[in-house]
Visitor: 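Can you keep this structure in mind? I'll have questions shortly.
Each chain gets a letter, A, B and so on, in the order the sequences are listed, and its residues count up from 1.
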2 protein chains.
Amino acid sequence: MGKLMRENPDMAALAMEKLRAAGLRPTRQRIELAAHLFAGPDRHVTAESLHDEVVVSGIKVSLATVYNTLHQFTEAGLLRQVVVDAARGYFDTNTGNHQHFFLEDEGTLIDIPGDTITVAGVPTAPPGLCVDRVDVVVRVKRA
Amino acid sequence: MGKLMRENPDMAALAMEKLRAAGLRPTRQRIELAAHLFAGPDRHVTAESLHDEVVVSGIKVSLATVYNTLHQFTEAGLLRQVVVDAARGYFDTNTGNHQHFFLEDEGTLIDIPGDTITVAGVPTAPPGLCVDRVDVVVRVKRA
DNA sequence: AAGCAGTTTAGAACAATTCTAAATTGTGCG
DNA sequence: CGCACAATTTAGAATTGTTCTAAACTGCTT
């Protein structure tokens with residue numbers, strides 16, 4: 001399986017591990033995408049941005065596959081979706097408890113560590129429902 | 001100016017006032033939409049849902065106008081946009097400080113009064129930026 | 001009643017995302 | 001190893017929500 005990932009063959013190995021652990025067959029495109037996503041520290045991508053990035057780096061993956069993969073990774077718990085912009089969907093490689101700054105002008109996300117913000121007084125969920133998650137988005141603008 | 005709004009002519013008058021106060025010319029469709037939006041207590045609508053509702057009640061308004069109007073109302077401070085679902089945009093007639101439950105299964109929003117939830121520890125905005133708003137979304141699911 | 005800027009509208013255009021059916025690729029097995 | 005089959009990828013069409021456009025219409029002022 002391959003000739004790519006020359007920049008860092010170890011990333012590929014790690015990615016394969018991650019995929020296998022998640023029960024996802026380690027295909028060329030999944031490995032490349034995972035390598036990109038999990039190479040750096042916490043990252044925020046959209047399907048389009050990740051696709052561009054990956055294509056630029058010389059890898060051939062279709063946009064449809066990026067969408068599929070992003071969703072599969074999310075289901076597998078490797079990613080988390082962040083809803084801050086009605087226009088596009090963001091995916092976050094930080095799946096732990098944390099919140100976000102959202103720079104509305106640029107469409108950029110910045111993590112806020114999970115122990116920084118405290119949310120108190122969340123009412124109990126309406127009958128028959130349970131709280132799935134509490135999201136805090138700090139929307140910031142040019143001063 | 002017309003024959004509709006028979007259910008509640010006063011609503012129409014009120015709506016006209018609101019529109020005039022906001023500097024929006026009180027046209028037939030704006031009046032009808034405002035009457036629907038501000039008739040009940042706090043409401044959450046999408047362009048589509050409001051359009052359907054209004055059309056069903058026998059009023060002729062195009063979807064484009066609903067979109068325009070919703071945006072104009074928002075700019076005028078009569079409505080507020082809520083981003084909880086990547087798929088569609090919601091508008092809230094409650095423009096005051098408050099938060100939301102979001103029932104992911106149904107796509108329904110429920111207001112949480114502004115003094116219920118307390119958010120502490122919001123870090124200062126990155127340099128050159130200022131906090132515009134802090135949104136809290138409590139995502140709930142079938143138990 | 002006329003004029004005109006502000007509005008509305010149908011329909012085209014768009015952007016993000018999903019779907020589809022066909023081609024390709026991992027993986028296990030003999 | 002090489003084959004078979006299911007899982008995956010893909011190009012392109014289709015969907016969905018939203019915005020744009022140019023033409024028709026309407027509320028206001030005179």
Visitor: Considering every strand and a 4.0 Å limit on heavy-atom distances, what is the contact class for A:R25: base, sugar-phosphate, or nothing?
Guide: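 Base contact.
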
Visitor: Within this structure, what is the CD-to-C1' distance between B:E48 and D:dT16, rounded to whole angstrom?
Guide: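 To the nearest whole Å, that distance equals 9 Å.
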
Visitor: So, does A:T65 get its side chain near the phosphate of D:dT10, meaning an N or O under 4.0 Å from OP1 or OP2?
Guide: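 Yes, because at least one side-chain N or O of A:T65 sits under 4.0 Å from OP1 or OP2 of D:dT10.
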
Visitor: Should B:R28 be listed as having a side-chain N or O under 4.0 Å from OP1 or OP2 of C:dG6?
Guide: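 Result: no.
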
Visitor: So, OP1 or OP2 of D:dT9: does either fall under 4.0 Å of a side-chain N or O from A:R30?
Guide: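 True: A:R30 side-chain N/O within range (under 4.0 Å) of D:dT9 OP1/OP2.
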
Visitor: Taking CD from A:Q81 and P from C:dA16, how many angstroms apart are they, rounded to a whole number?
Guide: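 Going from A:Q81 (CD) to C:dA16 (P), I get 15 Å.
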
Visitor: Would you say A:Y67 reaches C:dT18's phosphate, i.e. side-chain N/O to OP1/OP2 under 4.0 Å?
Guide: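 For C:dT18, neither OP1 nor OP2 has a side-chain N or O of A:Y67 closer than 4.0 Å.
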
Visitor: Are any side-chain N or O atoms of A:R139 and backbone N or O atoms of B:V131, one a donor and one an acceptor, separated by less than 3.5 Å?
Guide: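 Pair absent, no side-chain N/O of A:R139 close to backbone of B:V131.
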
Visitor: On DNA chain D, check which nucleotide each of B:Q29 and B:T46 is closest to and give me the residue with the more 5' one.
Guide: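 So the residue in question is B:T46.
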
Visitor: Taking atom types as modelled, is there a side-chain donor on B:D92 or B:H98 under 3.5 Å from an acceptor on the other?
Guide: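 Their side chains do contain a donor-acceptor pair, which is all the 3.5 Å distance test asks for.
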
Visitor: Nearest to the A:T27 side chain among D:dT8, C:dA16, D:dT18, which nucleotide is it?
Guide: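 Of D:dT8, C:dA16, D:dT18, D:dT8 is nearest to the side chain of A:T27.
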
Visitor: Under the side-chain hydrogen bond (donor to acceptor under 3.5 Å, both in side chains) test against B:D111, which residue among B:H44, B:R43, B:Q99 passes?
Guide: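 Output: one option passes, namely B:H44.
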
Visitor: Side-chain N or O of A:K60 versus OP1/OP2 of D:dA11: is the shortest distance under 4.0 Å?
Guide: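 Yes, A:K60 has a side-chain N/O under 4.0 Å of OP1/OP2 on D:dA11.
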
Visitor: D:dT19, OP1 or OP2 - any side-chain N/O from B:H71 closer than 4.0 Å?
Guide: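 Checking B:H71 against D:dT19: at least one side-chain N or O falls below 4.0 Å of OP1 or OP2.
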
Visitor: Could you check if a side-chain atom of B:V140 sits within less than 4.5 angstrom of a side-chain atom of B:V138, using non-hydrogen atoms only?
Guide: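 Touching, per the 4.5 Å side-chain cut-off.
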
Visitor: On DNA chain D, compare the nucleotides closest to B:N68 and B:R20; which residue's is nearer the 5' end?
Guide: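 It is B:N68 whose nearest nucleotide is closer to the 5' end.
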
Visitor: If you look at every strand shown and take non-hydrogen atoms under 4.0 Å, does A:A87 touch a base, only sugar-phosphate, or nothing?
Guide: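 Sugar-phosphate, no base atom in range.
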
Visitor: The side chain of B:S62 lies closest to which of these nucleotides: C:dA10, D:dT18, C:dT17?
Guide: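 It is C:dA10.
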
